[in-house]
Amino acid sequence: MENFALIALAESLRTALDGSIIRRVIQHQPNGFILQTRSAKLPALKLLMDSRLPAFYPSEAKPPLESPNSDFLMILRKHFTSAELIAFRKPLAERVLEFVFRTAVPSKELETMSLVVELIPNATNIVLLDGERRVLSSFYPITPQHGIAEFEAYALPRSGNKIELERVLTEEISELQETGRNKDWLVSHVAGLGPVFAEEILFRHRKSGRSLTEEIRNMVLLVQAPSHAGRIYTEKPLGHILEQNDLRALSKAVLSPVELVSLERTHSSREFGNFTDAVRFYFDEVENRVLLEHAMKELRKNNRLDPKTIRAFELLAFEQRTPAVVAAETGLTRRELYGGDPAR
């Protein structure tokens, strides 16, 4: 998910997050955690530290596979069980979220703690900070890009000498007025811009005749506004991708809270009632299908299993076929499919 999409997601959840109390923390996969809350408006938040598709979104869905608990889970439970969220921040140009909690820990230094979620591809992390913003623990080692030593205050990863997005909103940047700027230039020179939204901004700039600065400002306003719809853009129809369990095509999907005119001719799209629903649908689908695909690979390694049984599992789990259809296609009986009473 690009930064501009993450801005929209953070804004859409801000009100629901306010005052949430953590009821329980569970680890639903080796690099994923669910923060269950006592709030009816937002029962759970899911954190996925996948290096290629990191994610943060509201979801209670747990994959049908067991995952061993880690030491980091114990740390999260120790500090954040019964903790109350008192602040939520997202730096405008960073794919980083910060949750500030009032904890139930009987220690002045730990009375207030922060949970920093870094959703940067190939540099994901969850970082715990004490009341003075010093790093207490992290899911992965702190990278050199943070530029901090042990026991020093947390700092955001450095992104080079890019133009700050906040400056674009308030100043006229001369570099943006020069002709010939393309997508690669925008991505490498303007903080917080990814390739999809950079291309969309350029497309709108060419069509409207407005300056790049104006189009960037307009896009920020659009993603910060209350979202009325969410979209998933894919190179092939999403239903076809899911039916074929095409994980490669699914991983290339684009999530957007605004209509991407630049993709109209090259991509199919599915619209959702709001952006949060689109994000939840997409990442839950990806998570379940990736984990099930891994389970299928393990099944195929087991030479003792009948290929028909493996195919039946694929049809039931991935393609959501009915037992009657699976039985007809594989030649298995209902008893063989269920391993029990055929009348079930």
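Everything numeric in this text was worked out from a predicted model, so none of it was measured. FYI, side chains are in, hydrogens and waters are out, and symmetry mates aren't considered; it's all heavy atoms of this structure.
- The closest side-chain donor-acceptor pair between S20 and E84, if any, does not fall under 3.5 angstrom.
- Under a 3.5 Å cut-off, the side chain of D130 and the backbone N or O of R134 do form a donor-acceptor pair.
- S251 places a side-chain N or O within 3.5 Å of a backbone atom of R248 that can act as its donor or acceptor partner.
- Checked by atom type and distance alone, the side chain of K90 pairs as donor or acceptor with a backbone atom of E94 at under 3.5 Å.
- The main-chain N or O of R210 is found under 3.5 Å from a side-chain atom of H205 such that the two form a donor-acceptor pair.
- The distance from atom CG of D246 to atom CG of L250, rounded to the nearest 0.5 Å, is 8.0 Å.
- A donor-acceptor contact shorter than 3.5 Å is absent between the side chain of T124 and the backbone of P121.
- Residues satisfying the ring-ring contact (aromatic ring centres under 6.0 Å, His included) test with Y140, not counting sequence neighbours, are none.
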Side chain to side chain donor-acceptor pair (under 3.5 Å) between R38 and S82, intermediate numbers included: CA-CA 9 Å; R38 297 176 186 171; S82 298; 3.3 Å; yes
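- The hydrophobic cluster containing L129 also includes V96, V116, I120, V127, V135, I142, I148, Y154, L156, under a criterion of side-chain heavy atoms closer than 4.5 Å among ILVMFWY residues, counted directly or through chains of members.
- The pair D284-R280 does not meet the salt-bridge criterion, since no charged nitrogen lies less than 4.0 angstrom from a carboxylate oxygen.
- Counting heavy atoms from C-beta on, the side chains of L128 and L76 come closer than 4.5 Å.
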Derivation of the side chain to side chain contact (heavy atoms under 4.5 Å, CB included) call for L115 and L35: CA-CA 11 Å; L115 187 69; L35 308 180; 4.1 Å; yes
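- Around CG of N161, the count of heavy atoms belonging to other residues, nucleotides or ligands within 6.0 Å does not exceed 12.
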H189 vs K162, side chain to side chain contact (heavy atoms under 4.5 Å, CB included): CA-CA, chis, key distance, verdict: CA-CA 5 Å; H189 286 79; K162 292 186 176 183; 5.8 Å; no
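- Considering only heavy atoms from C-beta on, T266 stays 4.5 Å or farther from E235 through its side chain.
- Between F33 and F139, the gap from one ring centroid to the other is short of 6.0 Å.
- Residue I86 belongs to a hydrophobic cluster whose other members are V100, with links defined by side-chain heavy atoms closer than 4.5 Å.
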Side chain to side chain donor-acceptor pair (under 3.5 Å) evaluation trace for Q27 with S70: CA-CA 8 Å; Q27 185 165 7; S70 65; 2.8 Å; yes
Intermediate values then yes/no, ring-ring contact (aromatic ring centres under 6.0 Å, His included), F99 and F56: CA-CA 12 Å; F99 304 83; F56 143 82; 5.7 Å; yes
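- Legend: residues meeting side chain to side chain donor-acceptor pair (under 3.5 Å) with R77, ordered by chain and number and at least two apart, are absent.
- For the pair R14 (side chain) and F88 (backbone), a donor-acceptor distance under 3.5 Å is present.
- Taking the six-membered ring for Trp, F197 and F203 have ring centres at least 6.0 Å apart.
- A side-chain donor-acceptor contact under 3.5 Å links E214 to the backbone of S211.
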Intermediate values then yes/no, side chain to side chain donor-acceptor pair (under 3.5 Å), T276 and S12: CA-CA 7 Å; T276 304; S12 68; 3.2 Å; yes
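- Of the possible polar contacts, none joining the E111 side chain to the G131 backbone as a donor-acceptor pair under 3.5 Å is found.
- Remark: E287 engages K46 in a salt bridge, criterion side-chain N to carboxylate O under 4.0 Å.
- Judged by distance alone, the side chains of R23 and Q36 do bring a donor and an acceptor atom under 3.5 Å apart.
- Side chains of L53 and Y282 form a contact here, defined as non-hydrogen atoms less than 4.5 Å apart.
- Here the side chain of S268 pairs no donor or acceptor atom with the backbone of T234 at under 3.5 angstrom.
- Applying the ring-ring contact (aromatic ring centres under 6.0 Å, His included) rule to F101 yields the partners F80; only residues at least two apart in sequence or on another chain are considered.
- At a threshold of 4.0 Å, the pair E271-R231 counts as salt-bridged, since one of the basic side-chain nitrogens sits closer than that to a carboxylate oxygen.
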Side-chain donor-acceptor contacts of residues 258-265 below 3.5 Å, not counting sequence neighbours, with atom names and distances?
from	atom 1	to	atom 2	distance (Å)
S262	OG	E200	OE1	2.6

Test log, rule salt bridge (charged side-chain N to carboxylate O under 4.0 Å, His left out), inputs R133 and E98: CA-CA 11 Å; R133 299 186 59 75; E98 181 177 350; 2.5 Å; yes
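- At least one donor-acceptor pair under 3.5 Å links the side chain of N3 to the backbone N or O of L92.
- Counting non-hydrogen atoms of neighbouring residues, nucleotides and ligands closer than 6.0 angstrom, the CG atom of N182 exceeds 12 such neighbours.
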Salt bridge (charged side-chain N to carboxylate O under 4.0 Å, His left out) between E172 and R217, intermediate numbers included: CA-CA 11 Å; E172 293 299 328; R217 290 172 180 173; 3.5 Å; yes
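- Using a 4.5 Å heavy-atom threshold, the side chains of L47 and I34 count as separate.
- Within the 4.5 Å cutoff, side-chain heavy atoms of H28 are placed close to those of L48.
- Using cut-offs of 30° and 60° for the angle between ring planes, the H267 and Y233 rings count as perpendicular.
- Annotation: side chain of R289 is in contact with side chain of N245 (closest heavy-atom distance under 4.5 Å).
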H146/E152 under side chain to side chain donor-acceptor pair (under 3.5 Å): CA gap, chis, key distance, verdict: CA-CA 11 Å; H146 289 79; E152 288 186 346; over 6 Å; no
